[in-house]
Structures are given as C-alpha cells and as structure tokens.
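Naming: A, B, ... by sequence-line order, numbering from 1 per chain. All values derive from a computational prediction rather than experimental measurement.
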Amino acid sequence: MTQNDASKESGAFVSFTHTFVSGEQEVRQALRRLRDALARMKLSVENAETAELVVGEVLNNIVEHAYGSDRNGPIKVECNRARAALRFRITDGGRAYEGLQLPAGDPPIVELPREELPEGGFGWFLVHSLASGLRYARNDDANILKFSIDLNNLSLESAK
Amino acid sequence: MKLETRESSEFRVVTVCEPRIDAAVAIRFKDRMRELTGGSVPHVVLDLTEVEFVDSSGLGAIVAAMKQMGSTRRLDLAGLTPAVERVFRLTRMDTVFTIHDNVAQAEAVYAG
C-alpha cells in the first residue's frame, strides 16, 4: 500500500503517513515503518517507544474490533511532529465504537488472587495513560481517532 | 514463536527468542508456555532479555501463562527491557510478578 513521508527543511515539522490493510502482521509492519519515521525525526528512544505502544494498541483494536474478521479494511496512520508533541490521526472504515465513545480503559485491578487476575482490558488504559487530547469522531462510515503523544525530555533527543 | 528451555539448579528457564510479544503472537505464546511449563515443574523463570516490545496482548498472555501454572507453582520474570518494564509498571503488573534483573540474579536469589 502507499506510504509517503515528507519532511520540511526547517526540521521543526516532520510528517509520516501510511495506509495499509487490517491484519496483525500488517500492524507489525506499520509499526516498523513508524519506528523508522520516528528515528528520522530524531526522537529519544523513550518517546519513540511510547508512540509505538500507543499507536500499536489503537491499531490492534481496529483490527480486532472495528474490522473483526474483515481482512481488507484500510487503516491510515498520519503523524505530524510539533516541537513538543507528536500529533496522530488514525482513520479506519470499520464498525463505529460502541455508543460512539472510546472505551474508558479503567486501570487494571491487580490486588486479586492469581486465578482472578485480568488477562485483558489493558490496552485502552495504556492509551489513556500515555496519550493526550484523545478524540473520536465518526464521519461518513469512517472512524477518526486523534491524539497527541507529549514528548518528554526533549534534551535527550539526538543532536545530529 | 521461538521459546527455548533449560534447567537451572533451582528452576526451569524459559527464554523468549523473539523481539516482540504482541497481538500477532500472544495466543501462540500462551500455548507454547502451556507446553513448556506443563507437568509439575515447580518454578519457572521467564527470560525476556531479547524482548524489546510487549503490548497489552502480550502482557495478558504472560499473565495467562502464570495463571495456567496454578497457584502453587512460581513464574518469575527476568531481563525486562525498559519498554517492557514500563508496561508492567503502568499496569501495576510489576507487583504481581517477582522480577529479576537477569537469570543470573534469579539463580543467586534462589540458591540454597
């Protein structure tokens, strides 16, 4: 599928766009491309890891819930770098989120006997914990999810 | 999903020879762990030194692997890389597992 990234010479803004079809291996590949783009943006390892984790959770959720068994559904990831944040816009053509709302992602309860420990439901908690400005809109049969990853410790980013 | 095992004097070591435990492999990981930790091995240390990325699915599969060992057998973790450690810490699953810096440290802790 198409992939296009463009960087302005000023270095203040860099963008990344990738469109692919729904699937777990396809998500892995999309995250690999995202990692490469984030490396070109000279982000710190920690900031890049945060972005990959959050984007991965959102993409896996689209594959599993928005598209389910549909392995042909397109997913588009757009990322734009501002000075102190990465702004993401992720679009898919799958089912709307239930109640047209994002899941709350309650913190997992871990003070439980072993056999009662949760094995799921961590994804949205991680997204809410690590992303800011999370917004969902439903537009003409498309889900549009926007969020930012605030970049921490900007002084740790590579100087080159 | 490549996992290797060896016996240490105090426990069985299961080493994950993969860079990611994520949605693409979570179920396979859980199934392989069931095979490798079956029977009555009382204590397993899961060596995650090579694992660079664990998402919520991977975390769930690691929790499931511990649960399927039952309540009397131990599953410890070793060698968490920073990204993986952060997922455990944010979800507070780092309070559920005993986590060692590496397998050698686990051996030192449990040596007779």
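Both the backbone and the side chain of B:Thr91 come within contact range of chain A, each with at least one heavy atom under 4.5 Å from a heavy atom of that chain. With a 4.5 Å cut-off on non-hydrogen atoms, A:Arg114 touches chain B through its backbone and its side chain both. Looking at B:Arg20, the atoms closer than 4.5 Å to chain A (heavy atoms on both sides) sit in the backbone and in the side chain alike. Of the two parts of A:Glu111, only the side chain, counted from C-beta on, holds a non-hydrogen atom closer than 4.5 Å to a non-hydrogen atom of chain B. Contact annotation for A:Pro107: neither backbone nor side-chain heavy atoms come within less than 4.5 Å of a heavy atom of chain B. Residue A:Pro118 touches chain B through both its backbone and its side chain, counting heavy-atom pairs closer than 4.5 Å. If you measure heavy-atom distances from A:Glu49 to chain B, the contacts under 4.5 Å come from both the backbone and the side chain.
The closest side-chain heavy-atom distance from A:Tyr136 to A:Ile144 is not below 4.5 Å.
Put simply, the side chain of B:Glu85 never gets that close to the backbone of B:Thr81: no donor and acceptor are under 3.5 Å apart. No donor-acceptor pair closer than 3.5 Å links the side chain of A:Arg135 to the backbone N or O of A:Phe147. Although no hydrogens or angles enter the test, the distance criterion places no donor-acceptor pair under 3.5 Å between the side chain of A:Arg28 and the main chain of A:Gly23.
The environment of B:Lys67 atom NZ is dense: over 12 non-hydrogen atoms of other residues, nucleotides or ligands sit within 6.0 angstrom. Within 6.0 Å of the CG atom in A:Leu112, the count of heavy atoms belonging to other residues, nucleotides or ligands exceeds 12.
Options A:Val63, A:Leu53, A:Leu31, A:Leu130 differ in how many heavy-atom pairs under 4.5 Å they form with chain B, and the most are formed by A:Leu53. Highest contact tally toward chain A, considering only B:Val25, B:Leu59, B:Thr95, is held by B:Leu59 [criterion: heavy-atom pairs under 4.5 Å].
Here CZ of B:Arg73 is found 11.5 Å from NE2 of B:His43. Values are rounded to the nearest 0.5 Å.
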